[in-house]
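In this text, all values refer to a predicted model and were calculated from it rather than measured experimentally. Here is how names work: the chains are called A, B, and so on, in the same order as the sequence lines, proteins then strands, and each is numbered from 1.
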Amino acid sequence: MKKLCAFLLALTLMEGAAVGCTSTPTTSETPSSSSSTEESSSSDAAPAGEVIGENVQFDTGKQLSGELEVWFYEDGKAFIDSLFTDYQQYRPDVQLNVTYIPWGDYWKKLPVAVSSGNGPDVFYFHNMYHNLMVDGRLMQPYPEDLVENLKKDFNDVETTAAADGNTYYISVGGGHGLIYYNKTLWADAGLTEDDIPETWEELREIAIKLTQFNGDQMVVSGFNYNPGAGAFINDWSYLSGRFLYSEDGKDILIDNDDFKSAMQFFIDLYTVDNVCTPTFPEYQQSFKDGTTAMLWNHPFYAGQLRREVPDLEFGVFPQPKFEGKERNWHYNNPDVSMGINSKIDDTQKEMAVDFLTLFFAEDKYLKEWDMAQVLAPSKKSLADDPDLMADPVIKVLMDDFENSLYVGPSPDAVTQDLIQNLVDPVLKGGVSIDDAIDASVAKVHQTLMDFNWTPAERTYAHADELK
Amino acid sequence: MKKKWSLTRKQTIFVWCAMIPCLIAILLFSIFPIIQTFYGSLFNWNALTGQMTFIGIDNFKNAFSDQLVGKSLFNTIYLTFFAVLLKTILAFAVALMVNATKRAQGFYRAIYFLPTICTMIATAFVFRFLLQPEAGTINGYLQMLGISGPGWLEDPVWAMPTVILYTIWKDFGYVFLIFLAGIQGISPEVVEASVIDGATGFQRVRYIIVPLMHPITIYNVVTQVIGSLQIFTSIIGLTNNAATSTAGGPMYATTTTGLYIYQMAFTNYKFGYASAIAVILFAIIMIFTCVQMKFADRKGEF
């Protein structure tokens, strides 16, 4: 019996250890001179003494020494590593310490580290944390001369500026929601490229065709947005021809007939057209499993599919528009550039800016970032890059970019409020659309009450077309 | 009469020296955070940036008018009541049965205790996978029996009972083991005497074992109530959706107060507000514990 107990205990401990192995630990790296030399030769780093870049310029021969700490999120290693390797080669006297942290931990560790004075000099940033990091004075603005040159080299630099007029980050590539479809299921349903829908009403018909049942049980969903419509929910207001936020950023504007009509359409997809059920497996995973035929998602998902399920044949097309609407308006969710720690001294700041200058000056780092994250490039010199345009997802993204508007640094909590209050109560709780909207408006107001921001929606080029 | 301890000066110094590291740790990691929570509840406070603005009792006013605080407290008490009740009854019954079994007691102890030592997040993920309404194994088996399985964690009505089921499965072994140790600690003479007096099995349990197990039952209930009122990790494991970063759904059906505090602090960065809710939860746990202790005191056995 003792042996059995010992065996069971050992088995359990092994399970615990195995689980521990599956989580991605924080990793620290120092690009060594030998490895950097090897990699730089393969990544065509410019020879010392040369100046890289058109307006933002990086002098490869500049002498700098010291220690520079950089944090990036774990999955970004694939596209950002060459920047670290090259920088180490250009600045051999700078000790570059790079730490990769899994996404979930990153946003807990970064603000605490910076706030306590132990943070990195430069770090990966996402603008959904603008309020926390910029308004919380944990980031410092880019130097004015750098910003002036960035404006010449990049699009939309003014759009991402903070309320105080300073620039803390810029867009390195834009992305907006697309419709993904499984090409195999599409062909099985007798559909061709000519059937790609231009209106949501057309998409409804296609989704019905793509839905498959085994007896009463749904085995393939034609169009899936579980759970709670995810971030797709943010696009519904724009698709209905309305801004999402009030001008002061304290409320959402979804209590109107246009929004209700759009919401009713998406609810009907489930309840009337039966193209999915609220308990069908979650949209992202089931698309990977081949049990969801179509879904809405950001372009980063294309990168995820290519990495995780390379055999899955998928295509994308722009979001359709509602009949009678001029455009398929949707929001732009850009990736933004790295931030600078507000608590570092001038010497560290000089190195931090120098490091970022290389990132902005050399096209290849931005190109690698945009390719990996599947983004429409914001650097002007990459606008017609043949490699980027050869990517079918980026091509669709670029062709439809005119219809996407930058919302500004809206908090992630708003999306979470909407997911909990808007769709699930209607689909799972039998709540009316009117009541769900009332509850959502109240909850989001509570969230935004202490949140200082100004929505950028109304700076959109075609803002006059939206109500 | 209790003997009074008297220590020499040397011994007193030694005792203090031995206690100081622990006292420092308790002060730093328990007392100071509690005081900071009480203090922070009076401020509009972002702990990450250090910004604090005194707002008096506004956080408490907001908390009492926040429907989600009420909902989360209801969920927490609902979960605590059923989870503790069922765990206690079930664990006590199984402990009695295992105690009556002469063979393989070690085996049963190991089997029942196994879930307790498994990683909570890992087991929660396995539960999610098994309980997926349309692709999960459990509903697959039910379907084979001609039963249409419920929506489990996807259904607002079933979500909390599912969490309770998981909690019972996870913590059952610990409660069971304490009960078993208590039952085995009862003097065999007392039980034998009742057998000689002609007591039936039920009477032995009702009039001998249950009263003698009273202090252990109170201990189990108090510790389980405190643990359940603070429940957090298992809710995250069972309901967090990586794609949407939401937990506690659907429709806040599994949002407990512990989870809501976490979300207010680390998603909305309202540390002052989160602290105020934590103070309210602290008061509730305090009241529950005092009532339970008072109840136990009346019996004079705890």
Can you check whether E154(B)'s main-chain N or O pairs, donor with acceptor, with K428(A)'s side chain at less than 3.5 Å?
yes
Which atoms of Y269(B) approach chain A - backbone, side chain, both or neither, heavy atom under 4.5 Å:
side chain
Let me know if P411(A) has heavy atoms under 4.5 Å from chain B in its side chain, its backbone, both or neither.
neither
Rounded to the nearest 0.5 Å, what separates atom CZ in F451(A) from atom NZ in K270(B)?
10.5 Å
Is it the backbone or the side chain of F129(B) that comes under 4.5 Å from a heavy atom of chain A, or both, or neither?
neither
Among V114(A), N226(A), L132(A), which residue has the highest count of heavy-atom pairs closer than 4.5 Å to chain B?
L132(A)
Looking at P281(A), A413(A), P111(A), which one has more heavy-atom pairs under 4.5 Å with chain B than the rest?
P281(A)
Closest contact, heavy atoms only, G151(B) versus T279(A)
CA-CG2, 4.5 Å
Count the heavy atoms belonging to other residues, nucleotides or ligands that lie under 6.0 Å from CZ of F29(B), then report whether that count exceeds 12.
no
Which heavy atom of M251(B) sits nearest to which heavy atom of P425(A), and what is that distance?
SD-CA, 3.4 Å
P156(B) portion near chain A, given a 4.5 angstrom heavy-atom threshold:
side chain
Contact origin within A247(B) toward chain A - heavy atom pairs under 4.5 Å:
backbone
What residue, out of K108(A), R137(A), Q420(A), Q446(A), has the most heavy-atom pairs lying under 4.5 Å from chain B?
Q420(A)
Atom CG of N131(A) and atom CG of N268(B): how far apart are they, to the nearest 0.5 Å?
10.5 Å
Contact origin within Q217(A) toward chain B - heavy atom pairs under 4.5 Å:
side chain
In terms of heavy-atom proximity below 4.5 Å to chain B, should T447(A) be classed as side chain, backbone, both, or neither?
both
Selection from D155(B), N62(B), D66(B) maximising heavy-atom pairs under 4.5 Å formed with chain A:
D66(B)
From the list V219(A), N421(A), T415(A), T291(A), the residue making the most non-hydrogen contacts under 4.5 Å with chain B is N421(A)
How about CG on D216(A), more than 12 heavy atoms from neighbouring residues, nucleotides or ligands closer than 6.0 Å, or not?
no
Rounded to the nearest 0.5 Å, the CD atom of Q416(A) sits from the CD atom of Q263(B) at a distance of 7.0 Å
Which atoms of Y301(A) approach chain B - backbone, side chain, both or neither, heavy atom under 4.5 Å:
neither
D289(A) versus chain B, heavy atoms under 4.5 Å apart: side chain, backbone, both or neither?
neither
Segment of L153(B) engaging chain A (4.5 angstrom heavy-atom cut-off):
neither
When rounded to the nearest 0.5 angstrom, what is the spacing between OG in S286(A) and CD in Q132(B)?
9.0 Å
Is W236(A) atom CH2 crowded by more than 12 heavy atoms from other residues, nucleotides or ligands, each under 6.0 Å away?
yes
For chain B, which of I419(A), V112(A), L138(A), N297(A) has the most heavy-atom pairs under 4.5 Å?
I419(A)
